[in-house]
Participant: 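If you scroll down you'll find the structure; I have some questions about it.
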Protein chains: 2
Amino acid sequence: MRGEQTPRLREALEDDIVAGRLKPGQRLDEVGLAERFGVSRTPIREALIQLSSSGLVEIRPRRGAFVVLLGPRELIESFELMAEIEASCGRLAVQRMGPSDREAISDAHETCRIAAAAGDEEAYYPANARFHAAIYAATGNRVLAGEALRLQRGLQPYRRLQLKVPRRVEASFAEHQGIVDALFAGDGPLAAERLRAHVLVQGERFMTLLAALHAESEALEDAG
Amino acid sequence: MRGEQTPRLREALEDDIVAGRLKPGQRLDEVGLAERFGVSRTPIREALIQLSSSGLVEIRPRRGAFVVLLGPRELIESFELMAEIEASCGRLAVQRMGPSDREAISDAHETCRIAAAAGDEEAYYPANARFHAAIYAATGNRVLAGEALRLQRGLQPYRRLQLKVPRRVEASFAEHQGIVDALFAGDGPLAAERLRAHVLVQGERFMTLLAALHAESEALEDAG
DNA sequence: AGAGAAAATCTTGCATACATGAATATTGAC
DNA sequence: GTCAATATTCATGTATGCAAGATTTTCTCT
């Protein structure tokens with residue numbers, strides 16, 4: 001058997017969680033995963049520990065690993081943190097972005113426009129992630145950008161549920177347009193404020209959706 | 001042998017790193033640590049993986065684990081991230097802090113005052129950490145506060161070097177006073193700006209020190 | 001039949017064993 | 001004497017084995 005299994009396993013599990021194939025609350029059986037990936041429990045355990053540190057998985061001692069299921073309070077708080085980080089990124093990006101950064105932002109924005117015009121929510125999703133990532137990168141601060149990406153990934157499983165909110169894509173794209181305008185106009189504070197509002201309103205929309213879902217059924221609870 | 005070694009080991013190693021007993025760049029030998037703690041390599045490895053995810057340790061495949069040694073660029077970027085987070089905390093704390101939060105901030109500030117007046121740098125250190133932590137907590141956002149604490153811990157090993165900067169404590173305390181004034185006056189934007197400046201100037205002072213140290217010797221490089 | 005307790009089962013946590021790649025020492029050539 | 005190639009040693013990465021806690025099943029008693 002050759003080396004370096006753990007990173008591959010971590011990425012595979014991370015993708016499964018972010019893509020929603022492993023649902024929040026679900027238990028991750030070490031033996032089952034080991035068999036599925038054709039390795040022993042050791043690298044699986046190490047991958048799970050990494051995922052727990054990055055916040056996608058929760059390890060309860062002697063109980064096992066579970067895909068993290070954020071409660072309402074933690075969700076609100078996470079969106080607020082995300083909003084603050086994104087606002088900072090916007091302000092710094094205005095100060096520092098170069099031509100290639102502008103281009104990356106424009107490109108991602110156009111991809112969003114196409115997906116939004118087509119009403120294609122599945123396509124809008126990754127385009128939206130790319131749009132925000134382009135802003136992070138434009139700060140020129142890799143540590144900050146890495147942090148932002150990490151948080152973005154952590155919230156991805158929950159954003160997925162938002163697909164059901166009507167007219168979400170149109171609203172999101174309109175907000176993106178305002179952000180791009182402020183960024184390219186060189187108005188840092190305005191870009192920051194619009195990014196903050198964009199993320200916070202996403203969070204609010206999400207909480208509304210969650211409340212509605214919770215009212216009609218306990219679907220999330222049964223997910224495990 | 002009874003259960004739950006890994007968390008204990010992680011905390012012990014974390015303390016060693018943050019307290020400077022394990023220096024940035026130093027290699028962490030699994031076998032040696034296992035002997036030192038009287039356990040096998042397995043829980044040691046798991047603790048190291050956790051520390052690598054939290055940013056205190058870097059694991060290079062097949063090479064081993066090393067206490068993270070941030071380069072100049074990463075240090076600057078980390079301090080900038082910290083400054084942004086602290087600024088956000090300050091603004092939100094103004095909006096949301098209750099009487100107990102005010103008290104905690106005041107208490108920590110007074111502890112800083114005593115240490116500063118005595119010129120006791122060793123005592124100022126933890127008091128300073130408590131002061132900032134009190135502001136994080138006053139946001140009422142546990143996710144945000146947790147993130148801030150994590151970043152604070154990650155930078156702690158480097159702040160330690162600052163002890164040598166002359167009149168650092170007096171300057172720091174004076175800045176704290178300005179922050180407290182803004183916080184208690186209810187001026188969120190001012191508190192945010194002063195916190196941002198406080199952290200950034202710390203970073204700059206630190207970089208200056210680092211350059212000086214580097215000029216006189218390659219001490220940091222030999223630390224491994 | 002239902003509730004509680006005991007036993008069996010299953011899973012995790014840790015220890016140990018082994019294989020492979022990296023680091024180091026040694027030997028040989030120039 | 002220095003450099004390079006090779007052999008040896010050593011540490012990491014993974015697999016497997018074993019002990020203890022958690023879970024589930026079953027059995028007993030009311």
Participant: It should be established whether A/Thr6 places a side-chain nitrogen or oxygen under 4.0 Å from OP1 or OP2 of nucleotide D/dT14.
Facilitator: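 It does, given that an N or O in the side chain of A/Thr6 lies less than 4.0 Å from OP1 or OP2 of D/dT14.
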
Participant: C/dT16, OP1 or OP2 - any side-chain N/O from B/Arg41 closer than 4.0 Å?
Facilitator: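 For B/Arg41, the contact criterion (side-chain N or O under 4.0 Å from OP1 or OP2 of C/dT16) is not met.
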
Participant: I'd like to know if the side chain of A/Asp16 and the backbone of A/Arg21 have a donor-acceptor N/O pair within less than 3.5 Å.
Facilitator: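 No, A/Asp16 side chain to A/Arg21 backbone: no donor-acceptor pair under 3.5 Å.
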
Participant: Strictly by salt bridge (Lys or Arg N to Asp or Glu O under 4.0 Å), give each pair with a member in residues 138-149 of chain A just once, sequence neighbours left out.
Facilitator: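 Pairs touching residues 138-149 of chain A that pass the test: A/Glu147-A/Arg150, A/Glu147-B/Arg150.
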
Participant: If I take atom CG in residue B/Leu9 and atom C1' in nucleotide C/dA15, what distance separates them, rounded to the nearest angstrom?
Facilitator: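 Atom-to-atom, B/Leu9 to C/dA15, this comes out as 14 Å.
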
Participant: Without decimals, in angstroms, what is the distance between B/Arg45 CZ and D/dT12 C1'?
Facilitator: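 Those two atoms, CZ and C1', are 6 Å apart.
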
Participant: In whole angstrom, give the distance that lies between atom CD of B/Glu35 and atom P of D/dC10.
Facilitator: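 That distance rounds to 13 Å.
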
Participant: If we ignore hydrogens and angles and just use 3.5 Å, is the side chain of A/Ser172 paired with the main-chain N or O of A/Arg168 as donor and acceptor?
Facilitator: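 No, the answer is negative, given that no donor and acceptor are paired below the 3.5 Å cut-off.
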
Participant: Would you say the side-chain atoms of B/Glu84 pair up with the backbone N or O of A/Ser88, donor to acceptor, closer than 3.5 Å?
Facilitator: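 Such a contact is absent between B/Glu84 side chain and A/Ser88 backbone.
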
Participant: Output the rounded distance in Å from CD (A/Glu46) to P (C/dG13).
Facilitator: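 Going from CD in A/Glu46 over to P in C/dG13 covers 13 Å.
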
Participant: Measure from CD1 on B/Ile49 to C1' on C/dC14 and round the result to the nearest Å.
Facilitator: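 After rounding, the reported distance stands at 14 Å.
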
Participant: Is A/Thr42 near enough to D/dT14 that one of its side-chain N or O atoms lies under 4.0 angstrom from OP1 or OP2?
Facilitator: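 For D/dT14, OP1/OP2 do not have a side-chain N/O of A/Thr42 under 4.0 Å.
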
Participant: Would you kindly give the CD1-to-C1' distance between A/Ile44 and C/dC14, to the nearest whole Å?
Facilitator: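 These atoms are roughly 18 Å apart.
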
Participant: In whole Å, what is the span from the CZ atom of A/Arg10 to the P atom of D/dT14?
Facilitator: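 From A/Arg10 CZ to D/dT14 P: 13 Å.
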
Participant: For nucleotides 8-11 of chain C, give me every protein contact, N/O to N/O, under 3.5 Å, one pair per line with atom names.
Facilitator:
{"unit_1": "C/dT11", "atom_1": "O3'", "unit_2": "A/Arg27", "atom_2": "NH2", "d": "2.9"}

Participant: Considering residues at least two apart in sequence or located in another chain, which fulfil the ring-ring contact (aromatic ring centres under 6.0 Å, His included) criterion with B/Phe131?
Facilitator: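 By the ring-ring contact (aromatic ring centres under 6.0 Å, His included) rule, B/Phe131 matches B/His109, B/His176.
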
Participant: Tell me whether B/Glu35 contacts the main-chain N or O of B/Gly32 through its side chain, where contact means a donor paired with an acceptor under 3.5 Å.
Facilitator: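 Checking the backbone N and O of B/Gly32 against the side chain of B/Glu35, no donor-acceptor pair under 3.5 Å is found.
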
